[in-house]
Enquirer: 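Attaching a single structure in C-alpha cells format; questions to follow.
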Amino acid sequence: TKGVTLSAPAGVHAGITAWAGAAAVSVNAPGAMVRLNGLSLQGMGADRGIDVIAVGRLMVESCDVAAFKAQGLYYAGSGGEILVRDTAFRDGDHHGIELWGIGTPVNLVVDRSRFWRNGPIGSGAGLYLNGAVVATLRDSVIARNGTGLIAGASNAGALSVQIANGAVTQNDSSGILLGSFGNTLA
C-alpha cells in the first residue's frame, strides 16, 4: 500500500517468473508511485504479469513482459497514471495491456514500446482499452497480435487514443478495432 521501486542496475538480469495462480507483480498502492525498471517478467502458466489493483502512478520502464495467459498488464479502476517506456509485451495468450477505466479516467502513456504476438489468431490484442481511458502512444510498434488495438466496446466512459510516430501492422484480425459510444481515435 506504499510506493516502491523495483529496479535492476545496468548489466544485471533481474527476472520474476510467475506460475499458475499468481501474478509476477501485484500493485496495490492507492495514490502512491510504483516504478518497475529493467525487469524480465516471465509467465509459466500465470495469468498476469503486472496486476494493478490501485495506484497513483505506475512507471514500467525497460521491461520485458512475456508469455502470460491473460494480460501482461491489467488494471480495472478509477483514475491513476500508467507510463510504459522502452518495454516489450510479447507472446501472451490474450492481451499485452488491458485497461478498464471506471469513473475518473485512467491516463496511459506508451513511449518507445513494442506489443508483439499477443492473442494469436484474433483471440486478443496488443492493447485492449475500455471505458474512461485517455491514452497516448508514441514511437511504438503493435505487430503480429490477434488484433493490434481494441479501443472501447462499452459505455463505461469516454475513451480517447492518440497515436504518434508508431506502427500498427501485420496483426491477424484487425489493426485497430474502434467501438462506439463516443470514443476518439486521433
Side-chain angles (χ1 to χ4, degrees), residues 23-24 36 39-43 46-52 58-77 80-102 105-186:
L36 307 175
L39 303 177
S40 174
L41 308 179
Q42 181 71 37
D47 285 338
R48 296 182 176 144
I50 305 165
D51 187 12
V52 182
L58 172 64
M59 300 172 69
V60 181
E61 301 171 301
S62 302
C63 291
D64 182 48
V65 182
F68 289 92
K69 294 182 78 57
Q71 303 92 0
L73 186 153
Y74 177 81
Y75 177 51
E81 298 177 4
I82 298 174
L83 169 66
V84 176
R85 182 181 296 135
D86 297 318
T87 293
F89 289 88
R90 61 182 180 82
D91 300 314
D93 288 352
H94 206 48
H95 303 313
I97 291 179
E98 181 174 346
L99 296 182
W100 287 78
I102 302 165
V106 176
N107 291 301
L108 170 68
V109 175
V110 176
D111 195 22
R112 298 185 313 264
S113 294
R114 294 149 318 282
F115 299 85
W116 184 263
R117 293 188 308 254
N118 294 290
I121 313 170
S123 67
L127 287 109
Y128 182 94
L129 309 174
N130 205 330
V133 176
V134 177
T136 302
L137 287 73
R138 293 186 298 247
D139 301 317
S140 296
V141 176
I142 305 170
R144 301 198 178 224
N145 301 285
T147 298
L149 167 66
I150 299 174
S154 77
N155 61 353
L159 181 134
S160 173
V161 179
Q162 294 183 346
I163 300 174
N165 299 325
V168 180
T169 184
Q170 298 178 1
N171 294 287
D172 294 335
S173 175
S174 301
I176 298 173
L177 183 58
L178 182 61
S180 54
F181 304 106
N183 301 312
T184 304
L185 177 66

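Predicted, not measured: the structure shown is a model, and the values here were computed from it.
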Enquirer: Looking only at heavy atoms, which two atoms of Ala151 and Leu159 are closest? And how far apart?
Expert: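 Smallest heavy-atom distance, with atoms named: CB-CD2, 3.7 Å.
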
Enquirer: Taking the side chain as C-beta and beyond, is there a heavy-atom pair between Val134 and Asn107 under 4.5 Å?
Expert: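 Of all side-chain heavy-atom pairs linking Asn107 with Val134, at least one is under 4.5 Å.
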
Enquirer: Calculate, to the nearest 0.5 Å, the distance between atoms CD and CG belonging to Glu61 and Leu83 respectively.
Expert: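 Glu61 CD to Leu83 CG: 6.0 Å, rounded to 0.5 Å.
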
Enquirer: Mind listing the closest non-hydrogen atom pair of Ile142 and Gly126 along with its distance?
Expert: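 Reported closest heavy-atom pair: CG2-CA, 4.4 Å.
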
Enquirer: Can you name the one residue among Thr87, Val84, Asp86, Val110 that meets side chain to side chain contact (heavy atoms under 4.5 Å, CB included) with Ser140?
Expert: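 Filter result, single survivor: Val110.
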
Enquirer: Could you check whether Arg117 pairs with Asp91 (Lys NZ or Arg NE/NH1/NH2 to Asp/Glu carboxylate O, under 4.0 Å)?
Expert: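 Judged by the 4.0 Å cut-off on N to carboxylate O distance, Arg117 and Asp91 do form a salt bridge.
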
Enquirer: Show your reasoning for whether salt bridge (Lys or Arg N to Asp or Glu O under 4.0 Å) applies to Arg112 and Asp139.
Expert: CA-CA 5 Å; Arg112 298 185 313 264; Asp139 301 317; 5.9 Å; no

Enquirer: Closest heavy-atom contact between Leu36 and Cys63?
Expert: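 Closest heavy-atom pair between Leu36 and Cys63: O-SG, 3.7 Å.
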
Enquirer: How many angstroms lie between atom CG of Leu127 and atom CD1 of Ile97, to the nearest 0.5 angstrom?
Expert: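 Here the interatomic distance stands at 5.0 Å.
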
Enquirer: Quick one: OH on Tyr75 to CG on Leu108, what's the gap to the nearest 0.5 Å?
Expert: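 If I round to the nearest 0.5 Å, the distance is 12.0 Å.
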
Enquirer: Which value, rounded to the nearest 0.5 Å, describes the distance between Arg90 atom CZ and Arg144 atom CZ?
Expert: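 Between Arg90 CZ and Arg144 CZ, I get 15.0 Å after rounding to 0.5 Å.
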
Enquirer: Nearest heavy-atom pair of Ala76 and Ile102: which atoms, and what distance?
Expert: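 For Ala76 and Ile102, the tightest heavy-atom pair comes out as C-CD1, 4.3 Å.
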
Enquirer: Minimum heavy-atom separation for Arg85 and Ser113, please, with both atom names.
Expert: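 What the structure gives for the nearest pair is C-OG, 3.7 Å.
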
Enquirer: Do the side chain of His95 and the main chain of Gly124 share a donor and acceptor less than 3.5 angstrom apart?
Expert: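 Checked: no pair found.
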
Enquirer: Using side-chain contact (heavy atoms from CB on, under 4.5 Å), reason through Ile50 and Leu58 one step at a time and then give a plain yes or no.
Expert: CA-CA 10 Å; Ile50 305 165; Leu58 172 64; 4.3 Å; yes

Enquirer: Kindly compute the distance separating CG (Asp51) from CD (Gln71), expressed to the nearest 0.5 Å.
Expert: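 Result: 8.0 Å between the selected atoms.
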
Enquirer: I need the single residue from Leu99, Val161, Ile82 that forms a side chain to side chain contact (heavy atoms under 4.5 Å, CB included) with Val133. Which is it?
Expert: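 Of all the options given, the one that passes is Leu99.
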
Enquirer: Which word best sums up how the rings of Trp100 and Tyr128 line up, parallel for under 30°, tilted for 30 to 60°, or perpendicular for over 60°?
Expert: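 Answer is tilted, since the angle falls between 30° and 60°.
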
Enquirer: I would like to know whether Leu137 and Val168 meet side-chain contact (heavy atoms from CB on, under 4.5 Å); could you show each step before the answer?
Expert: CA-CA 11 Å; Leu137 287 73; Val168 180; over 6 Å; no

Enquirer: Give, for atom CZ of Phe68 and atom CG of Asn118, the distance between the pair rounded to the nearest 0.5 Å.
Expert: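 Separation between the atoms: 11.5 Å.
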
Enquirer: Using a 4.5 Å cut-off on heavy atoms from C-beta on, say whether the side chain of Val109 contacts that of Arg138.
Expert: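 Counting from C-beta outward, Arg138 and Val109 do come under 4.5 Å.
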
